[in-house]
There are 2 protein chains.
Amino acid sequence: MNSSRFSVSLHILTLLNEAKGGIVSSEYLAGSININPVLVRKEIMNLRKHGFVESKEGKGGGSFLAKSAKDINLGDVYKSVRSSNVLGQSKNEPNPKCPVGRQINQHLDALYNDAENALIENLSKQTLADFASGFE
Amino acid sequence: MNSSRFSVSLHILTLLNEAKGGIVSSEYLAGSININPVLVRKEIMNLRKHGFVESKEGKGGGSFLAKSAKDINLGDVYKSVRSSNVLGQSKNEPNPKCPVGRQINQHLDALYNDAENALIENLSKQTLADFASGFE
DNA sequence: TTGTACTGTAATAAAAATAATTACAGAATG
DNA sequence: CATTCTGTAATTATTTTTATTACAGTACAA
């Protein structure tokens, strides 16, 4: 259900933070993360849409943090990337003739949402500044 | 990183609980979950290995809960099924020449483990009995 | 004692999700 | 106006997940 989108986003943000306001190209980011530049640009598109970064087109272009690292909350970053519950959305279709099958998805959803909220709350305790401070 | 293993396991356990000690075949379980019986048997193998269920081979065989539903903790079930961190294990290999790439995986691991622990703690608040009580 | 209905398990194939690649239009710079 | 970027779509490749097929072994029951 997940891909590595959250990791990629954090990696990008950490690199941008390291650049201290300087502009960084998707090529460079892709080189550090070791993935395809197009994936990086897609991820940046999302980060931009959520106000974490800004980009500049054209020669000498690239991306940079749109706000201070201490104002970027890891829980928010997670949410910006999240598409379905970490514990796995119930895209499966259980047997509607079974009393359990009929209702289980709604119960799983409730359980999963609650658990994921705990996870998000935990992530929200840290900002990008906290996370990036671990790097010398 | 995830599959639907946790959902499948919870579904199985709920059905076994519903059966109140009665023996249930993998065929029946697969029918309610709407997945392949072989997958069910694999999942049961895991549940058995962790002491949640027992099975009986041969004609009239099947599975049943190995202990009371109130002694089956959802956090433990999750752990029995977990193979890598929900937030995505860093199987990616970032550029070791980059100061950030070189260390990011260990930082992500620390962050992810902490967050996942919060999720597990949340799940651990409920037992199978609690979860199954939602079904009439 | 033999047929039947299960589990256990391996091997293979199919499907779905993820990531990489290619391609190119458009923007900014020098 | 050539160059170096981004933005984005389309396609292909890879990986992960799930389904299918197959069959040996076990237990029950006639």
Side-chain angles (χ1 to χ4, degrees), chain A residues 1-9 11-12 15-16 19 22-49 53-64 66 81-95, chain B residues 1-9 11-12 15-16 19 22-49 53-64 66 81-95:
Chain A
M1 51 258 13
N2 252 331
S3 49
S4 57
R5 290 189 58 198
F6 186 45
S7 297
V8 169
S9 285
H11 198 142
I12 291 171
L15 289 165
L16 295 186
I23 251 183
V24 187
S25 76
S26 64
E27 198 77 33
Y28 177 86
L29 296 169
S32 169
I33 306 173
N34 193 25
I35 61 172
N36 194 284
V38 175
L39 250 196
V40 171
R41 300 209 275 265
K42 275 186 188 159
E43 214 47 57
I44 281 178
M45 187 163 44
N46 180 64
L47 290 170
R48 194 171 50 239
K49 197 169 65 187
V53 311
E54 285 179 38
S55 304
K56 201 182 141 197
E57 292 191 1
K59 188 172 179 181
S63 303
F64 52 96
V81 137
R82 176 206 132 107
S83 58
S84 63
N85 197 293
V86 261
L87 290 176
Q89 210 67 334
S90 16
K91 63 177 175 314
N92 188 47
E93 298 195 14
N95 188 342
Chain B
M1 52 257 12
N2 251 331
S3 48
S4 57
R5 289 189 59 199
F6 186 45
S7 297
V8 169
S9 285
H11 199 142
I12 292 171
L15 288 166
L16 296 185
I23 250 181
V24 186
S25 76
S26 65
E27 198 78 32
Y28 178 85
L29 296 169
S32 170
I33 306 174
N34 192 25
I35 60 170
N36 195 283
V38 175
L39 249 196
V40 171
R41 301 210 273 268
K42 274 186 189 159
E43 214 48 58
I44 282 178
M45 186 162 47
N46 180 65
L47 290 170
R48 194 170 50 240
K49 198 169 68 190
V53 312
E54 286 179 36
S55 304
K56 203 181 137 196
E57 291 190 0
K59 189 172 178 179
S63 303
F64 52 96
V81 137
R82 178 203 130 105
S83 58
S84 62
N85 197 293
V86 262
L87 291 176
Q89 211 64 336
S90 17
K91 61 177 178 319
N92 187 49
E93 298 194 15
N95 188 342

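In the text below, chain A, chain B and the rest are named by the order of the sequence lines, each starting its count at 1.
Rounding to whole angstrom units, CG of residue B/Asn36 and C1' of C/dA10 are separated by 14 Å. Summarising the geometry, the separation between CD on A/Glu27 and C1' on C/dT22 is reported as 14 Å, rounded to the nearest angstrom. At whole-Å resolution of the value, NZ in A/Lys56 and C1' in D/dG7 are 16 Å apart. If you take CG of B/Leu39 and C1' of C/dA14, they are 13 Å apart, rounded to a whole angstrom. Atom NZ in B/Lys49 sits roughly 13 Å away from atom P in C/dG8 (whole-Å rounding). A/Arg5 has its CZ atom 14 Å from the P atom of C/dA20, to the nearest Å. Atom C1' of nucleotide D/dT17 and atom CD1 of B/Ile35 are separated by 12 Å, given to the nearest angstrom. Going from atom CG of B/Asn34 over to atom C1' of D/dA19 covers 12 Å, rounded to whole Å.
The shortest distance between side-chain heavy atoms of A/Val38 and A/Arg41 falls below 4.5 Å. Contact annotation: the side chain of A/Leu16 never approaches that of A/Phe64 to less than 4.5 Å [non-hydrogen atoms, C-beta and beyond]. Between B/Glu27 and B/Val40 the shortest side-chain heavy-atom distance does not fall below 4.5 Å.
In this structure a side-chain-to-backbone donor-acceptor pair under 3.5 Å is missing from B/Asn34 to A/Asn92.
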Any protein N or O atoms within reach of nucleotides 23-27 of chain C? Criterion: under 3.5 Å, listing atom names and distances.
residue	atom	partner	partner atom	Å
C/dA27	O4'	A/Glu57	OE1	2.8

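Between B/Lys42 and B/Ser26, it is B/Ser26 whose nearest contact on DNA chain C lies nearer the 5' terminus. Each of B/Val24 and A/Pro37 was assigned the nucleotide of DNA chain C with the nearest heavy atom; the assignment lying further toward the 5' end belongs to B/Val24.
Closest non-hydrogen pair, B/Ala19 versus B/Val24, comes out as CB-CG2, 3.5 Å.
With values rounded to the nearest 0.5 angstrom, B/Ile44 atom CD1 is found 5.0 Å from B/Leu29 atom CG.
For A/Ser4, a side-chain nitrogen or oxygen approaches OP1 or OP2 of C/dA19 to under 4.0 Å.
In this structure A/Glu57 satisfies the side-chain contact (heavy atoms from CB on, under 4.5 Å) test with no other residue, sequence neighbours excluded.
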